[in-house]
Amino acid sequence: MIIVMQPDAGESAIAAVESRILAEGLRVHVSRGTERTLIGAIGDERKLSPDMFETLPGVERALHIVKPYKLVAREWHKASTLVRVRGIPIGGEAVQMIAGPCSVETEPQMRAAAAAVAAGGARLMRGGAFKPRTSPYAFQGAGIDGLKLLKDAAARHGLPVVTELMDVRMLDVFLREQVDVIQIGTRNMQNFDLLKEVGRVDVPVILKRGMSATISEWLMAAEYIAAGGNHRIILCERGIRTFETAYRNVLDVTAIPVLKRETHLPVIVDPSHAGGKAWMVSALASAAVAAGADGLLVEVHPNPPEAWCDADQALTPPEFTRLMRKLSAVAEAVGRRMAGSASGEAVQREGIPIAL
Ligand code: PEP
Ligand code: MN
């Protein structure tokens, strides 16, 4: 059972709920979020009924959740959650674009990338400073210097940054450098110790789908983060492994409506790692927006042939601008709008949509 506390519930009200659960012989799990505290009763729930708690001070609601994932289930939270990143809402009517290179390389590369994605209408910038590479001999990322280059380039255009955390020992550095969104990559989706640690901080997390993870495993991974008290989670579908070898991964478009039904968390899509080729990105991104994605994570590089990582799938700046125009029309057709564009129409100045 989960007991949803009122936003202003004090410690004594929380303690009273805990005692009531313990008195029935169940275990307690408290998830203290920034907005409210959620208390889980773990054990034989048949002994509990909602009215045992709903009469206690500070309790908003108590309910049995059938699903194995609890805090992230739509079952208790009918409204879609809005995750705000420095005031930018992810999960609302506007579809957000997060764009930038696969990896942070050099200062000129990052400055050019930031200018291009901001001009195209992206509201957040991505860039990996710690890269999970298949080969130990491949470029592993620019590290802490890379974080600084990303922050600096993005700040010139007022863009919050998204970057991947692979090693829990780097979490303090991420906090010190004020990373705005921590990305957990596909290879770490079930790194439970890492999930527990990002569950303890108050920084939004993009949780990418494990390349062979079921929806249920993915939502249980999100539950780990929520259980620690970090409720600011964004799910990112990035393609899954199948028998098909003609493209890098298979974009699971079906996951979008399924997740929208199962969870109140925002859902974004990474068409770049799904297809693995730049020419596929427009079709996959359009499909994602049409299917209800709340945002996109797209790789853009000022000069893709020279990219140090994932060169085949990076869009050039003009390709990115064209993609944003197309997505504005797709979003409008499904009753949404691309953020960075006004009332569904990209604002044009000399042919370039301007971020509002
Ligand atoms: C990335 O976004 O740079 C990345 C490595 O993605 P994924 O974890 O989905 O492979
Ligand atoms: Mn990449």
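In this chain, numbering begins with 1 at the start of the sequence shown. Atoms within each ligand, like the ligands themselves, are counted from 1 in listed order. Since we're looking at a predicted model, the values are computed, not measured.
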*Asks:* Cluster question for you: counting only ILVMFWY and a side-chain heavy-atom cut-off of under 4.5 Å, with indirect links fine, are V267 and I90 together?
*Replies:*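 Result: no, two separate clusters.
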*Asks:* With side-chain hydrogen bond (donor to acceptor under 3.5 Å, both in side chains) as the test, pick out the partner of D270 among Q183, R238, K208.
*Replies:*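 Only one of Q183, R238, K208 forms a side-chain hydrogen bond (donor to acceptor under 3.5 Å, both in side chains) with D270, namely K208.
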*Asks:* Is a side-chain N or O of N230 found less than 3.5 angstrom from the main chain of V198, in a donor-acceptor match?
*Replies:*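 Judged by distance alone, yes, a pair lies under 3.5 Å.
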*Asks:* Give the residues near ligand 1 by chain and number, with the criterion being a heavy-atom distance under 4.0 Å.
*Replies:*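 Under the 4.0 Å cut-off, ligand 1 touches R126, K131, P132, E164, Q183, G185, T186, R187, K208, R238, H273, E299.
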*Asks:* Do S80 and H264 have side-chain heavy atoms sitting under 4.5 Å apart?
*Replies:*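 They are not in side-chain contact.
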*Asks:* Could you tell me whether the side chain of N191 and the main chain of L194 form a donor-acceptor pair under 3.5 Å?
*Replies:*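 Present.
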*Asks:* Side-chain heavy atoms under 4.5 angstrom apart, residues restricted to Ile, Leu, Val, Met, Phe, Trp, Tyr: same cluster for V203 and V162?
*Replies:*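 In one cluster with V203: V162, no.
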*Asks:* Mark yes or no for whether Q109, through its side chain, and S103, through its backbone, hold a donor-acceptor pair below 3.5 Å.
*Replies:*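 Side chain of Q109 to backbone of S103, a donor-acceptor pair under 3.5 Å: yes, one is there.
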*Asks:* Sorted by chain and residue number, which protein N/O/S atoms are under 2.8 Å from the Mn ion (ligand 2)?
*Replies:*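 Less than 2.8 Å away from the Mn ion (ligand 2) sit C102 SG, H273 NE2, E299 OE2, D310 OD2.
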*Asks:* Could you go step by step and tell me if H301 and E306 meet the side-chain hydrogen bond (donor to acceptor under 3.5 Å, both in side chains) rule?
*Replies:* CA-CA 9 Å; H301 192 282; E306 297 290 316; over 6 Å; no
*Asks:* Give a yes or no answer on whether the side chain of E45 reaches the backbone of M1 with a donor-acceptor pair at less than 3.5 Å.
*Replies:*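 Here the side-chain-to-backbone pair exists.
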